[in-house]
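Worth knowing before you read on, the calculation uses all heavy atoms, side chains too, and leaves out hydrogens, waters and symmetry mates. Here is the naming used below: chain letters follow the sequence lines, and residue numbers restart at 1 for every chain.
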Amino acid sequence: MIDIRLVRDDPERVKAALWRRGISSRDVDTLAILDREHRAALARREALRARVKVLSREVGQARKHGDADRAARLADESRRVGEEEKAAAQESDRLAAELQTLLLTTPNLPAREAPDGDGPEDNVELRRWWPGKDGGAPEPVPAEHQRVPHWESGLSLGILDMARGARLAGSMFPLYRAGGAQLVRALTSFALSRHADAYEEIRPPTLVLTDTMTSTGHLPKFADEAYHIERDDLWAIPTAEVPLTSMRRGEILDEADLPVRLTAVTQCFRREAGAAGRDTRGLLRVHEFEKVELFAYATPAQAPDVHMDILSRAEGLVRELGLPYRVLDLCTGDLGTSAARTFDLEVYAPGSDRWLEVSSVSWFGDYQARRANVRFRPAEGGPPVLVHTLNGSALAWPRIWAALVEWGRQPDGSVRLPDVLAPWLGPAPVIRSH
RNA sequence: GGAGGGAUGGCAGAGCGGACGAAUGCGCGGCUCUUGAAAAGCCGUGGGGCUCCGGUCCCCGUGGGUUCGAAUCCCACUCCCUCCGCCA
């Protein structure tokens, strides 16, 4: 959530910031009004409550002094004030709930540096990279044999079986086989080995409580996008960001321990309700996939550096895998609700002939930390301060898998995989039909 | 799934209807003593809302209830521990 005090003290700034995301200033006015009414109701309620406490104490005193009449009179009065307090409390609670509901669906303020724009078409391309670029090589032009989409070569090589996946779980649930399955496992091992120097490896639960989904901003607004297990009221996580953000929920961290850097590989589940019918072929968009995530809790001062560290680690992996990619600076209109600033990594896949998003690296400011109530105690003393949260995929495998299989395709139909995967796939790894 | 026990401040742990936001110990910070350190002694040490900055209210797992008054009594739920059953 955003800080309600900001709405109180500087509504114009909040309006201007949300305007950049296409949010009407009327919503900010509503927030301000609810906040004012709630505080007034709270003050009324507390004054009555204070009166009850004083009276109750006097009842005790009177009784101790054996003045039963006085005690009874005071108890009567206290009961009467208590009734009033109950009504005032109801009003105050009602306003608090209304305010909270609106606050939970209000998106984060975009960072000053985030480019303005209405949608994906306004994202800013920061840079492009391709193998050999630094040595002066031109941007690669795919050969004819690389123009085969991965769902075709994957099927004929016997490494990707979307039809049988659909038999088990419906469309868009991939089933990998043989070399295809091994490739996913190798990619995960490869990525985790690269992050082991600074990021603690976590294996979190992948079914979580409603509170856990709410902390990151995935609920209540995007309930339609998540799988929900009703009987036990648990949610299948759409990303490891969800359990990692809540891992320290409600805690006060020591500044000396920050930044806390975590990495996790998990299955990720997405209903993709809003994108029904789009990118349905092969691995372009799937309901279940494996992803290695980088995550950090940081002080506000550390956040920019950590953001860049996560981005450069994600880029580093794509480079090591030898895939051409570009980095986009997401415009205010395309930013996720909780994010203040996001960089997307897109890999070019020659068979599918498209740029595929394989990582999204975001800085959330204190928006998620406020929801999750994660703070740190400043080293120089003073009250606890909300941490900043950051995360990024490094990386999500289906689209990387697709790009590797398409770029790696050789004239004979086999797929040559990058040598960096040799420790897990054997020297000079190649996938052949079997 | 069944039976029993428990959840209190950074930690341990008392309190079981009236000045309890909470004893005590440990830890942590400051000071005294000391050439310095240790020891000893003294003082301090949770989070949050609102505020006319005087205060005031909330928080003893969570949510309800009883009462003039609840950390303390009642109900429900969650989690932890012990035992039994089941199980990868």
What does [X] touch in the nucleic acid at a heavy-atom separation under 4.0 angstrom: a base, only the sugar-phosphate, or nothing?
{"X": "Ala50(A)", "answer": "sugar-phosphate"}
{"X": "Arg5(A)", "answer": "sugar-phosphate"}
{"X": "Glu58(A)", "answer": "nothing"}
{"X": "Arg8(A)", "answer": "sugar-phosphate"}
{"X": "Lys53(A)", "answer": "sugar-phosphate"}
{"X": "Arg51(A)", "answer": "nothing"}

Nearest-angstrom distance from the residue atom CZ of Arg375(A) to C1' of G47(B):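 Going from Arg375(A) (CZ) to G47(B) (C1'), I get 6 Å.
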Distance, C1' atom - from G63(B) to C52(B), rounded to whole angstrom: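 So the two C1' atoms sit 36 Å from each other.
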Span that lies between the P atom of G48(B) and that of C26(B), in whole angstrom: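 Result for the P pair: 27 Å, nearest Å.
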Where the chi angle of G54(B) falls, syn if within 90° of 0 and anti if not: syn
Residues that Glu357(A) engages under side chain to side chain donor-acceptor pair (under 3.5 Å), provided they are two or more places apart: none
Given RNA chain B, 5'-ward residue of the pair Arg45(A) and Arg39(A), judged by closest heavy atom: Arg39(A)
Who passes ring-ring contact (aromatic ring centres under 6.0 Å, His included) against [X], sequence neighbours left out?
{"X": "His388(A)", "answer": "Trp363(A)"}
{"X": "Phe269(A)", "answer": "none"}
{"X": "Phe289(A)", "answer": "none"}

Protein-to-nucleotide contact annotation, 5' to 3' order, nucleotides 61-81 of chain B [B base; S sugar-phosphate only; - none; under 4.0 Å, heavy atom]: -------BSS-----------
Gln61(A) (side chain) and G18(B) (base): donor-acceptor pair under 3.5 Å: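 Flag unset: no donor-acceptor pair detected.
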Counterpart residues, salt bridge (Lys or Arg N to Asp or Glu O under 4.0 Å), relative to Arg409(A) (two or more places apart): none
Determine which pairs satisfy salt bridge (charged side-chain N to carboxylate O under 4.0 Å, His left out) with at least one residue from [range], sequence neighbours left out, and list them in order.
{"range": "residues 421-434 of chain A", "result": "none"}
{"range": "residues 50-73 of chain A", "result": "Arg51(A)-Glu77(A)"}
{"range": "residues 161-174 of chain A", "result": "Asp161(A)-Arg164(A)"}

Within residues 212-221 of chain A, residues whose heavy atoms come under 4.0 Å of RNA chain B: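 Going residue by residue through residues 212-221 of chain A, none turns out to have a heavy atom under 4.0 Å of RNA chain B.
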Strand contacts (RNA chain B) in residues 92-105 of chain A, 4.0 angstrom heavy-atom criterion: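 Contacting residues: none.
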Donor-acceptor contact below 3.5 Å, side chain Arg399(A) vs main chain Leu284(A):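 Indeed, once roles are kept as given, a pair shorter than 3.5 Å links the two residues.
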Main-chain N/O of Thr216(A) paired with Tyr367(A) side-chain donor or acceptor, under 3.5 Å: no
Watson-Crick or G-U counterpart of G9(B), or none if no pair lies under 3.5 Å: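 When the pairing criteria are applied, nothing turns out to pair with G9(B), so the answer is none.
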Listed once per pair and sorted, the side chain to side chain donor-acceptor pair (under 3.5 Å) pairs that draw on residues 100-117 of chain A, sequence neighbours left out: Arg20(A)-Asp116(A)
